[in-house]
Amino acid sequence: MTPTGTLDALLVEQRVFRPAPATIIEANVKPHDLAEATALAAADPLAYWEKAALELEWHRKWDAVLDDSDAPFYRWFPGAQGNIAHNALDRHVHAWTKNKLALIWEGEAGDCRKFTYFELYREVNRLAGALRALGVTRGDRVCLYLPPIPETVVAMLAAAKIGAVHVFVFAGMSAKVLRERINDCRAKVLITADGFYRGGRLINLKTVVDEALAGVRSDAAETVVIVRRSGDDIDMQEPRDLYYHDLLRQESPEAATEIMEADDPLFWLHTSGASGKPKAVIHGHGGYMVGAHHTFRTVFDIKPTDIHFCTADPGWITGHTYGVYGPLLTGATVILYEGHPLYPQADRLPSIIERYGATIFYATPTLIRMLMRYGPQYPKKRDLSTLRLLGSVGEPLGAEAWMWFYKHFGESKCPLLDTWWQTETGMAMISPMPISVLKPGSVGKALPGIDADVVDAAGHSVPPGQGGFLVIKKPWPGMLLGLEGDAAGYVSTYWEQIPGLYFAGDVARRDEDGYFWMQGRADEVLNIAGHRVGTAEVEAALTSHRFVSEAAVIGLPDKIKGEVAKAFVIPDPGWVEAFADADAFGAELRSHVRRELGPIVVLRAVELRDTLPRTRSGKILRRQLRAEELGEGVEGITATDD
Ligand code: 6R9
């Protein structure tokens with residue numbers, strides 16, 4: 001892990017974009033608010049977060065904002081009581097938001113269902129009552145193996161409401177993964193669906209569930225609640241399997257909300273596992289709620305009239321925080337789409353934006369690059385003029401994709417917020433705000449109250465322009481409570497790599513203006529002749545070539561240089577006419593990278609591919625590419641085919 005030398009500021013991006021005067025006038029956080037918030041957060045971070053907590057309703061106030069007596073097991077808002085479902089749901093029923101749309105859902109076939117806050121409240125209460133009747137109580141785990149459908153949001157909130165812990169498993173995960181997770185969490189109940197639609201196909205979920213449950217421990221998933229979505233004929237095993245709709249029919253639309261301690265667990269969520277075995281991260285009712293609410297209000301600048309379209313699956317942390325909790329905590333309207341983003345055509349997402357008048361569009365680099373490959377004619381076909389903000393999360397976006405998204409979705413007038421955060425951080429940490437000056441490819445500055453830095457292996461800040469490890473120096477409310485069943489792993493993974501600082505596992509550099517530039521994961525960084533080069537920098541250099549649409553770079557052992565880079569490239573179809581053959585194209589890419597980054601970055605080989613292996617949440621599995629290359633097996637990798 002020790003850097004032996006660092007290649008400074010490889011690609012220097014010069015473009016900047018300033019906010020329009022109207023954006024500044026209308027922003028929730030105006031420049032003077034930001035200056036004030038930054039000053040307060042720097043002088044007294046706990047006072048800053050206390051102010052944020054006061055924006056929510058609590059059953060009992062905290063005795064202290066933070067208890068750090070057992071660091072790094074920080075406890076936010078000790079003594080406070082409440083429930084995130086009270087703030088996300090119950091309180092709207094007594095406010096003007098009662099009859100406002102909470103959720104707009106679109107199925108892949110074009111079917112649409114809408115729920116006001118009141119309707120969502122009634123549905124959640126019914127499921128909460130049903131879960132209680134099934135014997136689920138405070139602290140019990142409820143496993144969710146659900147596609148993006150309204151009942152998924154209902155299930156998360158119903159679990160929260162009764163104090164149960166939701167443990168989401170993506171509907172794309174295999175029976176084996178589902179079984180392991182059900183066993184690990186000893187889920188009392190599993191909530192799933194018969195099937196769902198993706199890419200024009202009916203995915204039969206229940207068969208996967210049956211396979212998973214065949215080998216599950218006897219005290220787990222004794223009851224399975226099945227949402228009828230596809231209407232398909234499924235094998236119902238009595239008395240274990242129950243239909244969601246049958247269960248809910250008998251239940252009252254009112255249910256009491258359990259009063260939770262601030263650090264009682266709300267959910268466990270496994271990390272994406274892009275680099276390493278997935279870990280079960282725990283988030284609680286108090287601090288997480290404050291983080292999700294505060295960042296959604298300030299970063300996403302949410303207004304009563306906003307319609308927020310978050311493309312992330314609810315089963316990913318982005319779906320949890322900015323697809324469900326953040327929007328509902330702020331009384332916003334959120335769009336959830338069931339299907340494949342390109343189905344039946346590449347204008348599907350633009351058509352959703354147009355149809356419902358979405359004002360915020362939060363996507364991932366994978367998706368943006370995929371749309372880019374299909375070309376600007378697709379967003380052009382649709383009226384995207386309702387959009388006022390764009391967002392990206394999950395991987396380095398890179399300047400080229402940034403520019404494309406900014407231009408073709410935002411008509412060069414919507415601020416593009418590239419938000420850096422993690423399952424573990426629970427909330428956005430480094431991100432521009434709508435009033436920020438934007439630099440394509442940068443994730444902007446640390447948000448107020450977040451003390452982020454780039455350091456060397458000894459924990460010393462490195463000078464601007466130099467690469468190093470991204471760390472967070474002070475606790476923040478959305479932070480994980482720990483790793484389930486692995487207190488030692490929590491300490492060693494996050495707090496001991498660089499003693500006393502939160503180690504994010506990413507490499508980054510900061511420029512003279514304090515803007516962060518993410519370079520990839522620390523354990524994937526290349527070490528070429530003693531120089532550390534982030535995978536993201538080489539990938540950005542490759543994607544800046546007009547005939548490259550996506551790229552993944554890995555390091556391979558080399559006797560002389562220590563490591564050399566190999567690139568896997570998804571080419572733009574035009575390359576065939578422009579080059580004699582793949583060798584000629586590869587040679588051009590190798591010299592392109594040399595031109596962009598200097599002679600140190602040697603690309604040994606370039607392999608053209610149609611797809612790259614990815615996690616379900618869209619992250620490139622460089623680890624898998626490397627293992628394939630070296631002929632090794634990889635543990636815990638779950639790639640998907642879309
Ligand atoms: C929210 C989420 C976390 C890892 C993180 C980093 C990468 C996330 C990013 C980004 C560059 C961004 N990452 N956002 N890299 N720019 N805007 O993605 O959580 O699935 O836990 O992944 O994703 O490497 O460490 P998670």
Side-chain angles (χ1 to χ4, degrees), residues 168 170 267-283 288 291-292 295-296 299 310-323 325-326 362-369 390-399 401-402 405 416-432 438-447 452 454 469-472 478-480 483 493-494 497 502-510 515-525 534-537 539-540 552 614-623 638:
F168 213 117
F170 267 128
F267 64 84
W268 300 358
L269 191 63
H270 291 77
T271 54
S272 57
S275 59
K277 201 172 166 357
K279 301 178 267 289
V281 167
I282 313 169
H283 281 289
Y288 173 79
T295 49
F296 198 63
V299 178
C310 171
T311 61
D313 190 295
W316 182 29
I317 190 65
T318 302
H320 277 48
T321 304
Y322 299 120
Y325 287 117
Y362 193 32
T364 62
T366 315
L367 189 57
I368 295 163
R369 286 191 289 256
L390 300 173
S392 172
V393 60
E395 283 193 302
L397 181 57
W402 195 103
F405 193 39
L416 197 175
L417 314 173
D418 187 352
T419 58
W420 178 89
W421 58 295
Q422 306 178 297
T423 306
E424 293 87 339
T425 68
M427 61 188 243
M429 303 288 280
I430 306 178
S431 170
L438 304 168
K439 301 190 185 188
S442 165
V443 292
K445 298 184 190 181
L447 293 171
V454 178
F469 301 111
L470 179 68
V471 293
I472 313 291
M479 66 192 298
L480 69 167
L483 294 178
T493 310
Y494 304 110
Q497 307 269 346
Y502 173 83
F503 181 76
D506 281 355
V507 282
R509 70 181 158 81
R510 211 154 35 157
Y515 280 56
F516 286 82
W517 300 78
M518 304 309 301
Q519 301 178 337
R521 296 290 298 169
D523 51 6
E524 290 174 341
V525 92
T535 47
E537 307 219 51
E539 288 158 9
R614 291 181 181 281
T615 63
R616 178 76 189 164
S617 58
K619 295 191 206 299
I620 297 173
L621 279 164
R622 293 178 194 81
R623 215 158 52 98
T638 38

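Whatever order the structure lists them in is the order used to number ligands and atoms, beginning at 1.
In terms of modelled atom types and a separation under 3.5 Å, the side chain of His320 and the main chain of Gly426 share no donor-acceptor contact. Proximity of a side-chain donor or acceptor of Thr615 to a complementary backbone N or O of Ile620 within less than 3.5 Å is not detected.
Taking CZ of Phe170 as the reference point, atom CG of Asp313 lies at 5.0 Å (rounded to 0.5 Å).
In summary, the side chains of Tyr502 and Thr425 do not present any donor paired with an acceptor at a separation below 3.5 Å, with no hydrogens or angles considered.
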Phe469/Phe503 under ring pair (Phe, Tyr, Trp, His ring centres under 6.0 Å): CA gap, chis, key distance, verdict
CA-CA 8 Å; Phe469 301 111; Phe503 181 76; 5.7 Å; yes
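Using a 4.0 Å cut-off between charged side-chain N and carboxylate O, Glu539 and Arg369 make no salt bridge.
Annotation: ligand 1 has protein neighbours Ser272, Trp316, Ile317, Thr318, Val393, Gly394, Glu395, Pro396, Asp418, Thr419, Trp420, Trp421, Gln422, Thr423, Val443, Asp506, Met518, Arg521, Lys619, each with a heavy atom less than 4.0 angstrom from the ligand.
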